[in-house]
Amino acid sequence: MLTGCSEDKQTIVDRLPTGAPAPSSQPAASGRRSVPLSLAAGKARFELHALSRTTPTTVTGRFAVVNEGDGPIHISGALGDQLNDPDAGNILSLSGLGLVDARNQKMYMPLAKGYDCLCSEAPAQIAPGATKEMFAVFPAPSAEVQRVTVTSPGAAPILDVPIGTGPVQPVPGQTVDASTPPTGSPRVPSLVVTSTGLEMGVDDKGDQRAVNLQSDVLFAVDKADLTARADAVLRRVAQQIDASRGTTIKVDGHADNTGNDAINQPLSERRAKAVADRLKTLVTRQGVTFQPAGHGSSQPIADNGSEEGRRRNRRVTVTFPKPPEPQTAAPAERKPVNYDSSTVVSSGEISGTHGLRYEINGLYRSGDGLAVLVWTIKNAGTSVQSSLDFDRNWLRYGSAPGWRGPSTRGVMLEDPAAKMRYWTLDTSYGQCECSLFVVSMKNTLRPGESVTVWNLFKPPADVSTVDVSIPSSDIAGLGAVGAVARGIRIQ
């Protein structure tokens, strides 16, 4: 059983369960990786000390929080999963950590025994100058996954972390009995990768791909006859279906909320059938069947209160198993990224926020295709700024799995040349891979204060320069665009 879930029973001795094969000669991944931990008060860092396959089915990580300030720090919630914690919101645990496998679009979160996270419980506070070491045990990714990105709610991601094999050096005083298997299902949510363009958008969620085709491109107003422009777009979709391994293709027609569904419903049905019929003639793979359906205006993916949102809602969605990604060599080892908030590559005002400014500190790409944006929010005004929230982007509102609290989720990357937008990653659990403004996190800025935040993306490999769009934190405006930082290079 797991011990060490109270303040007087901290840290881990990690050992192989009885009957497990002996560890190989490859050492556990070591070498400290450190990133700033954004807290409401104080200065701290989150460190990764080791990450290793300690059994055939588990990976163990050894971590630490370092208090670099002059006073005690409180880290309640900074590392815990407050949305899907197996302990019903135990915000003192490390249950919010994740190992991101970008290639397979999976995140591996700490295992549980009963209602307890199979991990350390973070202390309620850490004294000045002190270091608190902790552990977490995760379900293991498949054997070919050799590197992952480590994420946590309160600190920027640690990119390109190699997974070693063998036992992890024990942390004095903590013990976990690995001979008793974890209970419950492993927490392995899928990553949700979303992009939108003038002709089509793509939502990849685990093994499924949904291609959203703009009705304004496919059809004339109030018509269900395909335009000449539609043919080239549908050929691109047919190529993806041919590369897929699925045999059932769903084709769903949708409308915005103008007019009424007495008109919208049959129009959406006819449009879905027109797209399905054309795809049948373009797809060359045998044994593929199409299932067209219409839904009128009942399933919006954007805010119908704007013309842009209504345009996105007028669509035909083609859903099928995601084509396999091309086989490539394992990502080469890359030099660890140091996030330095003193580095500023772009800065400016965020409109509608009464004095907030942004500073882009860097946009960094991992070896497996992720891109982490690190940026700083500064209060340049004369009054206290409270309830920070950059979640509700006016283009995205209504499309996400659900608003789950204040965050930087609404930030997106734009490629002006390709006329494509790339959204902050979500998981199938409804979490954004971004900074959260909750519990111990800094959510109030006094004049002159700042907080460094992050967002995780997966843009195409050939995209090297983007614009960064930041929504306003004005909830009344539903996150209208607050600032655009142009020409940001992905490092």
Side-chain angles (χ1 to χ4, degrees), residues 192 194-203 205 209-234 236-237 249-279 290-319 351-352 391-403 409-410 412 414 419-424 426 469 471-472 474-482 484:
V192 180
T194 300
S195 61
T196 57
L198 293 179
E199 294 183 334
M200 71 170 64
V202 178
D203 286 312
K205 183 176 180 180
R209 169 166 292 177
V211 179
N212 294 309
L213 304 172
Q214 298 303 317
S215 292
D216 297 1
V217 174
L218 300 176
F219 308 99
V221 177
D222 294 332
K223 302 295 183 181
D225 300 315
L226 291 168
T227 64
R229 185 181 175 188
D231 202 61
V233 176
L234 294 178
R236 290 158 57 191
V237 179
I249 313 300
K250 295 179 61 179
V251 183
D252 296 282
H254 303 274
D256 63 23
N257 67 347
T258 56
N260 61 73
D261 268 3
I263 296 174
N264 290 335
Q265 178 65 34
L267 180 61
S268 67
E269 292 173 359
R270 293 198 305 272
R271 286 179 166 181
K273 185 176 185 304
V275 169
D277 288 345
R278 181 58 178 142
L279 286 174
F290 292 84
Q291 297 179 346
H295 305 277
S297 61
S298 64
Q299 298 179 10
I301 60 170
D303 178 19
N304 270 307
S306 70
E307 176 51 40
E308 174 68 13
R310 291 190 293 273
R311 186 188 70 82
R312 287 191 60 211
N313 288 332
R314 297 190 295 268
R315 70 199 189 277
V316 175
T317 301
V318 183
T319 305
S351 63
D391 181 283
R392 297 191 175 193
N393 190 295
W394 70 284
L395 291 175
R396 187 172 188 170
Y397 184 58
S399 67
W403 184 66
R409 182 187 205 163
M412 64 182 178
E414 300 189 47
K419 297 181 180 180
M420 291 294 296
R421 300 184 178 106
Y422 307 103
W423 303 95
T424 295
D426 283 305
S469 177
S472 168
D474 180 8
I475 294 298
L478 291 179
V481 174
V484 179

Does the side chain of [X] reach to within under 4.5 Å of the side chain of [Y], using non-hydrogen atoms?
X: Q265; Y: I263; answer: no
X: L218; Y: V275; answer: yes
X: K273; Y: V251; answer: no

Q. Can any side-chain N or O of S268 pair as donor or acceptor with the backbone N or O of G296 at less than 3.5 Å?
A. yes
Q | side chain to side chain donor-acceptor pair (under 3.5 Å), paired with S297, selected from N257, N313, N264, D261 | A | D261
Heavy-atom pair with the smallest gap, counting every atom of [X] and [Y]:
X: P292; Y: A276; answer: CB-CB, 4.1 Å
X: R271; Y: A220; answer: NH2-O, 3.1 Å
X: E414; Y: R421; answer: OE1-NE, 3.8 Å
X: A272; Y: A293; answer: CB-O, 3.3 Å
X: R310; Y: T258; answer: CD-CG2, 3.8 Å
X: A230; Y: L226; answer: CB-CD2, 4.0 Å

Q: Could you go through the salt bridge (Lys or Arg N to Asp or Glu O under 4.0 Å) check for R312 and D256 one step at a time?
A: CA-CA 8 Å; R312 287 191 60 211; D256 63 23; over 6 Å; no
Between [atom1] on residue [X] and [atom2] on residue [Y], distance to nearest 0.5 Å:
X: Y422; Y: S469; atom1: OH; atom2: OG; value: 14.5 Å
X: T317; Y: N212; atom1: OG1; atom2: CG; value: 3.5 Å
X: L267; Y: H254; atom1: CG; atom2: NE2; value: 12.5 Å

Q: Take E199 and R229 through the salt bridge (Lys or Arg N to Asp or Glu O under 4.0 Å) test and state the conclusion after the steps.
A: CA-CA 10 Å; E199 294 183 334; R229 185 181 175 188; 3.3 Å; yes
Q: Start with the C-alpha distance between T227 and V217, add both sets of side-chain angles, then the distance that settles side chain to side chain contact (heavy atoms under 4.5 Å, CB included), and finish with yes or no.
A: CA-CA 7 Å; T227 64; V217 174; 5.5 Å; no
Q: Tell me, with the steps shown, if R278 and D231 meet salt bridge (Lys or Arg N to Asp or Glu O under 4.0 Å).
A: CA-CA 8 Å; R278 181 58 178 142; D231 202 61; 2.6 Å; yes
Q: Can you run down the salt bridge (charged side-chain N to carboxylate O under 4.0 Å, His left out) pairs that involve residues 213-224, sequence neighbours left out, and say none if there aren't any?
A: D216-R314
Q: Could you walk me through whether V233 and M200 pass side chain to side chain contact (heavy atoms under 4.5 Å, CB included), step by step?
A: CA-CA 8 Å; V233 176; M200 71 170 64; 3.7 Å; yes
(Q) Go through it in stages, so that I can follow the logic: the residues are D225 and F219, the test is side chain to side chain contact (heavy atoms under 4.5 Å, CB included), and I'd like the CA-CA distance, side-chain angles, deciding distance and then a yes or no. (A) CA-CA 6 Å; D225 300 315; F219 308 99; 5.7 Å; no
Q. Side chains of D203 and T194: do they bring a donor and an acceptor to under 3.5 Å?
A. yes
Q. Are D252 and R315 close enough for a salt bridge, meaning some N to O gap below 4.0 Å?
A. no
**Q.** side chain to side chain contact (heavy atoms under 4.5 Å, CB included) assessment of D277 paired with F290
**A.** CA-CA 8 Å; D277 288 345; F290 292 84; over 6 Å; no
